[in-house]
Amino acid sequence: MKAQELAKAYNPKDFEERIYERWMEKKVFNPDYNPNVKDGRSFTIVMPPPNVTGILHMGHALNNTLQDIIIRYQRMKGRKALWVPGTDHAGIATQNVVERQLAKEGRRRQDLGREAFVERTWQVKEKHHDIIASQLRKMGCSCDWDRERFTMDEGLSKAVREAFVTLYERGLIYKGQYLVNYCPKCGTALADDEVEYENMPGKLYDVRYPYADNPDEYITVATTRPETMFGDVAVAVNPEDERYKHLVGKKLILPLTDRQIPIIADSFVAMDFGTGMVKITPAHDPNDWECGRRHNLEAINLLNPDGTLNENVPEKYRGLDPVSARKLVVEDLKAQGYLVKETDHAHDVGHCYRCHTVVEPYLSDQWFVSMKGMAEKALKALRDGDITFYPRRWENTYIHWMENIRDWCISRQLWWGHRIPVWYCDECGEMIVSREDPSECPKCHSKNLRQDPDVLDTWFSSWLWPFSTLGWPGKTADLDTYFPTDTLVSAYDIIFFWISRMIMASEEFTGKAPFRDIVITGLVRDKQGRKMSKSLGNGIDPIEVIDIYGADAMKFTLCYLAAQGQDVQIDMDSFKMGSRFANKIWNAVRFLLMNMEGRELVSISKERLSTMDKWIYTRFNESVKAIDAAMENYRFNEAAQAVYSFFWNDFCDWYVEATKQRLLKGSQDEQNLSISIMIDLLDKSMKMMHPFLSFITEEIYQKLPTTKEGDELITQLYPAADDDFNFPEEAKQVESLQEAVRSVRSVRSQLSIPPEKKVKVVIKPSPSFAGAALFSAESSLMASFTNASEFIIDNDGCEDVSDALPSSAIGYEVFTFVKDAIDIPSEIRKLTLEIEKAGKQLEGTMKKLSNPQFLQNAKKEAIAKEEGKKAEFEELISKNEEHIKLLRKLG
RNA sequence: GGAGGAUUAGCUCAGCGGGAGAGCGCCUGCCUUACAAGCAGGAUGUCACAAGUUCAAUCCUUGUAUCCUCCACCA
């Protein structure tokens, strides 16, 4: 029946998809489904919305794996657990995708017109969204699809307008002509943090600027961008510069033109760079812009929106791009004797983070958000302990950014995005900022209104994500229940773009921090340590991993490798780890369920437990505690390790092996008890492992005889450590037993005793050894573990062991009867080495114990431990010495 | 110029004030009534270097070296 379905080999394809479909059908991801919510407390995660520009990569897989583990764990802890999924319209990025498509057809977006272009972009969005959603489902993400959102859906668009208008009303949004970063290819302004700097080789040109009143004399300025000289409005020197002090106020002639510009003094000029004289070009350099404002200088814009030079430069340079113009200007300067020299000069050049075109500072009308006040609130949230970063070190990064924040340019000259909710009246010029589309001008009642053509920065919608997805600005039940959210999981590359701004927005609009814990994951890299990227082609497709190894394998492997905040380096083979583990689980369960027949489940009472049973329950308790502690601190790799070593090393390797005899050959009563305990442990283990290996555990849970019809593992309560089934004393004894078994196995292996040869083993416990009773009780088990003909626990000391190979452990001696195979001199050498080693260790211990300062300062436990070690080392040495004597006699 | 991270077994990485760990790989022996995607046994490390703090340092402090991020930049 049930067991037969498990008789097959592990193949995740057999059940992963099916299980997800059932979860979806029953809507178990909706927190309202959960029948085991304990006290109504919620636990909320909002998913960092992936961009609808492409498909999910390994970084997303890591990120969503961790979120899924957290939310499943919290769900099983009895919380009303909600994970909100969604996608981001990703303004520039998505527009670029569509524009590239158009370019292949030989068209530009202008050929389509705004409406058609946006329509086409929606299609791209739909397509990518569907791929992303299906990827998340394949991964097994337990997010509530009923609450899925998109940054441009109706509700979120409303939130965006609300945020914009509110900030405007609070005087925190303003429009003005400023120097902004501008990508000529994307044709739009960028925020400061959307510019990536890259060190590039360049040249520093020293150029002569003649005096107006004496053209034979000149000063020399140094510049990397001579083509911008037509926008020069001054030359600046440092007011402290003794060389040039007397020149301030003099006029110069701008070469290649007949324009005159003054020499001014400004302290931003570095005296030790170049010539100490700087040409001031306010429209094309941020520093010059600031300087120009200080001195009330005109800003002459030289650029067209497409990045070519405009009518403000001499005719021969018009229409050229800056690089070609530079070449020509330099030639002309050289020809006319103005160029003094050119030197190589590497410097950082800004590039667009989306298309990697060189960014130009560009003077234009843009909308800005005033950030200082919001940053202060966001800093306070951290100081007050409302938010915590894991790992903590990212808090410095956050603080530094907040303290040095600059106003945020939010207007983009794009078509894809939230249109700025501002209208201009063609009749009277009135500007209308409104939550609703206005039907007429409130001032002159004209209906000739034009909406601002620009859209908002994509982050202007995503910074509202934690509350806009829950219904803000409406007052919804979801907001009441699930906001503030609990944990945000994100990579560190969007701390500035997104995390910091979400905190600011949330404090500004809701008065609360949007989440409590911020888990910063590392980046996923390839085995050469390179960031996985499309352009390098070194990415691993999560779906391919799932196809080969299954979703559980991928998820478990990522979790196991995700040490807090560290980057993870992986390749395709890395996932074998998780795959093998899943396979191991499958097979262990298969074995046990195959042996259900002829046995019936009985209740398990503490009194009937064997020492091995007590040990495994104790180990289970310890593992659960370790997992709880790890999850509490988002130490995912530690949780995964605890799961792994419990199930594989303890349960499979020792417990199942040790209880096989009882299960297969014991009395009916013993068999019943044995399978009952096994099933109980499987039930508990599936629960324990479910957050980490969701599909396989659910599949197995459905096949356990103790599972009630209709129960889903996903909403069962997480196991807690059970004090009533905790037996530390017995557990310790079992560890001694394991050690004794390993010792005999080791002897056999090292002496190459063939497996078919059974040998006699005698154990001589010392009088104080607490495990003696267990050893006696389990001597036949130990015999089978070590392939012994007989395994005697010699409590009376009457066994003759003079023919055996001795080895010692703490509390007992092991004698293996392998006389023929013993190489006496080699064994004596081994023992001698052991004595030497123990001697050295004893020496170290004695040194500590004879040090009065150690006895005085060290913790009591540390001293006790050293004393214990002393006794152990002494025991080992004296026994080994005896053993050498025995061996000598034998030879 | 500032900030942060990394340096531990051949590889990828945990650990972090009191006797060096995992997975993979490697060596040996096993198809032992679930699992060869397995079982058993084994080898492998001046815990980057140098000082300091401490009774005690792989772990804390400082410095050095190498590598990697991020931020800010002098034209």
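Letters A, B, ... are given to chains in the order of the sequence lines, protein chains preceding strands, and every chain is numbered from 1.
- Here A:Lys576 lies out of heavy-atom contact (under 4.0 Å) with every strand.
- In this structure, the nucleotide among B:rG18, B:rC71, B:rA75 sitting nearest to the side chain of A:Glu866 is B:rG18.
- Across B:rA75, B:rG18, B:rU69, the shortest atom-to-atom separation from the side chain of A:Ala858 is found for B:rG18.
- Counting any heavy atom pair closer than 4.0 Å across all strands shown, A:Arg406 reaches sugar-phosphate atoms only and no base atom.
- The number of heavy-atom neighbours closer than 6.0 Å to CD of A:Glu597, taken from other residues, nucleotides and ligands shown, is 12 or below.
- When all heavy atoms of A:Leu693 and A:Ala582 are compared, the pair lying nearest together is CD2-CB, 4.5 Å.
- Taking the charged nitrogens against the carboxylate oxygens, A:Glu866 and A:Lys870 have no contact shorter than 4.0 Å, which rules out a salt bridge.
- The gap from the P atom of B:rU7 to that of B:rC47 amounts to 14 Å, rounded to the nearest Å.
- Closest to the side chain of A:Glu638, out of B:rG42, B:rC70, B:rG15, is B:rG15.
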Its contact letters, B for base, S for sugar-phosphate only and - for none at protein heavy atoms under 4.0 Å, make nucleotides 23-37 of chain B read SS--------BBB-B

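- The C1' atoms of B:rU28 and B:rU66 are separated by 39 Å, rounded to the nearest whole Å.
- Nucleotides B:rC67 and B:rC30 place their P atoms 49 Å apart, quoted to the nearest Å.
- Because its NZ or CZ atom is both nearer than 6.0 Å to the ring centre of A:Phe591 and within 45° of the ring axis, A:Lys660 counts as a cation-pi partner of that residue.
- Nucleic acid contact for A:Arg742: sugar-phosphate only, since backbone atoms but no base atoms lie under 4.0 Å from a heavy atom of the residue.
- For A:Phe496, taking side-chain heavy atoms from C-beta onward, the closest of the listed nucleotides B:rC70, B:rG18, B:rA75 is B:rC70.
- Protein atom CG of A:Leu523 is 18 Å distant from nucleotide atom P of B:rU12, rounded to whole Å.
- Following rounding to the nearest Å, A:Gln738 (CD) and B:rC39 (P) show an atom-to-atom distance of 15 Å.
- Nearer to the 5' terminus of RNA chain B, by closest-nucleotide assignment, is the contact made by A:Val195 (compared with the other of A:Met277 and A:Val195).
- Using a 3.5 Å distance cut-off with no hydrogens or angles, the side chains of A:Asn583 and A:Tyr549 do not pair a donor with an acceptor.
- With a 4.5 Å cut-off on side-chain heavy atoms, A:Asn595 and A:Leu663 count as touching.
- Ion pairing between a basic and an acidic side chain is recognised when a charged N comes within 4.0 Å of a carboxylate O; A:Lys840 and A:Glu843 show no such pairing.
- Against RNA chain B, the stretch residues 562-572 of chain A makes heavy-atom approaches under 4.0 Å through A:Ala563, A:Gln566, A:Gln569.
- In this structure, A:Arg406 places its CZ atom where only 12 or fewer heavy-atom neighbours from other residues, nucleotides or ligands lie under 6.0 Å away.
- A:His345 has a side-chain polar atom (N or O) that falls below the 4.0 Å cut-off from OP1 or OP2 of B:rA75.
- Between A:Phe273 and A:His345, the ring center distance clears the sub-6.0 Å criterion.
- A 4.5 Å side-chain heavy-atom check between A:Phe389 and A:Leu382 finds at least one atom pair inside the cut-off.
- With contacts defined as side-chain heavy-atom distances shorter than 4.5 Å, the pair A:Arg225/A:Pro322 qualifies.
- Spacing between B:rG5 and B:rC60 at atom P, rounded to whole Å, works out to 11 Å.
- When the nucleotides B:rC71, B:rG18, B:rG42 are ranked by their closest atom to the side chain of A:Gln750, B:rG42 comes out on top.
- In this structure, NZ of A:Lys859 is placed 15 Å from P of B:rA57, rounded to the nearest angstrom.
- Listed nucleotides B:rG41, B:rA14, B:rC55 differ in distance to A:Asn857; the shortest reach to its side chain belongs to B:rC55.
- A:Glu395 comes within contact range of no nucleotide atom at all, as no heavy-atom separation falls under 4.0 Å.
- Rounded to whole Å, the C1' atom of B:rA6 lies 14 Å from the corresponding atom of B:rA14.
- Paired regions of RNA chain B, where each region holds three or more successive Watson-Crick or G-U pairs whose two hydrogen-bonding distances fall under 3.5 Å, are B:1-7 with B:65-71, B:10-13 with B:21-24, B:26-30 with B:38-42, B:48-52 with B:60-64.
- A:Asn404 has its CG atom 18 Å from the P atom of B:rC70, to the nearest Å.
- Each of A:Arg225 and A:Arg525 was matched to the nucleotide of RNA chain B holding its nearest heavy atom; the match closer to the 5' end belongs to A:Arg525.
- Atom CD in A:Glu227 sits about 12 Å away from atom C1' in B:rA75, given to the nearest Å.
- For B:rU53 and B:rA57, the P atoms lie 11 Å apart once the distance is rounded to whole Å.
- Rounded to whole Å, atom C1' of B:rA72 lies 18 Å from atom CD1 of A:Ile399.
- Just one of A:Phe581, A:Phe692, A:Phe651 meets the ring pair (Phe, Tyr, Trp, His ring centres under 6.0 Å) condition when paired with A:Tyr644; it is A:Phe581.
- A side-chain N or O of A:Tyr353 and one of A:Glu194 form a donor-acceptor pair less than 3.5 Å apart.
- B:rC26 and B:rG15 have their C1' atoms separated by 24 Å, given to the nearest Å.
- Separation of the P atoms belonging to B:rU54 and B:rA40 is 47 Å when rounded to the nearest angstrom.
- Straight-line distance from the CZ atom of A:Phe497 to the C1' atom of B:rC70: 12 Å, rounded to whole Å.
- Checked against B:rG41, B:rA75, B:rG18, the side chain of A:Arg745 finds its nearest nucleotide in B:rG41.
- Per the geometry, CD belonging to A:Glu867 stands 19 Å off P belonging to B:rG18, to the nearest Å.
- With rounding to the nearest 0.5 Å, the separation of CG in A:Leu523 from CG in A:Leu62 is 9.0 Å.
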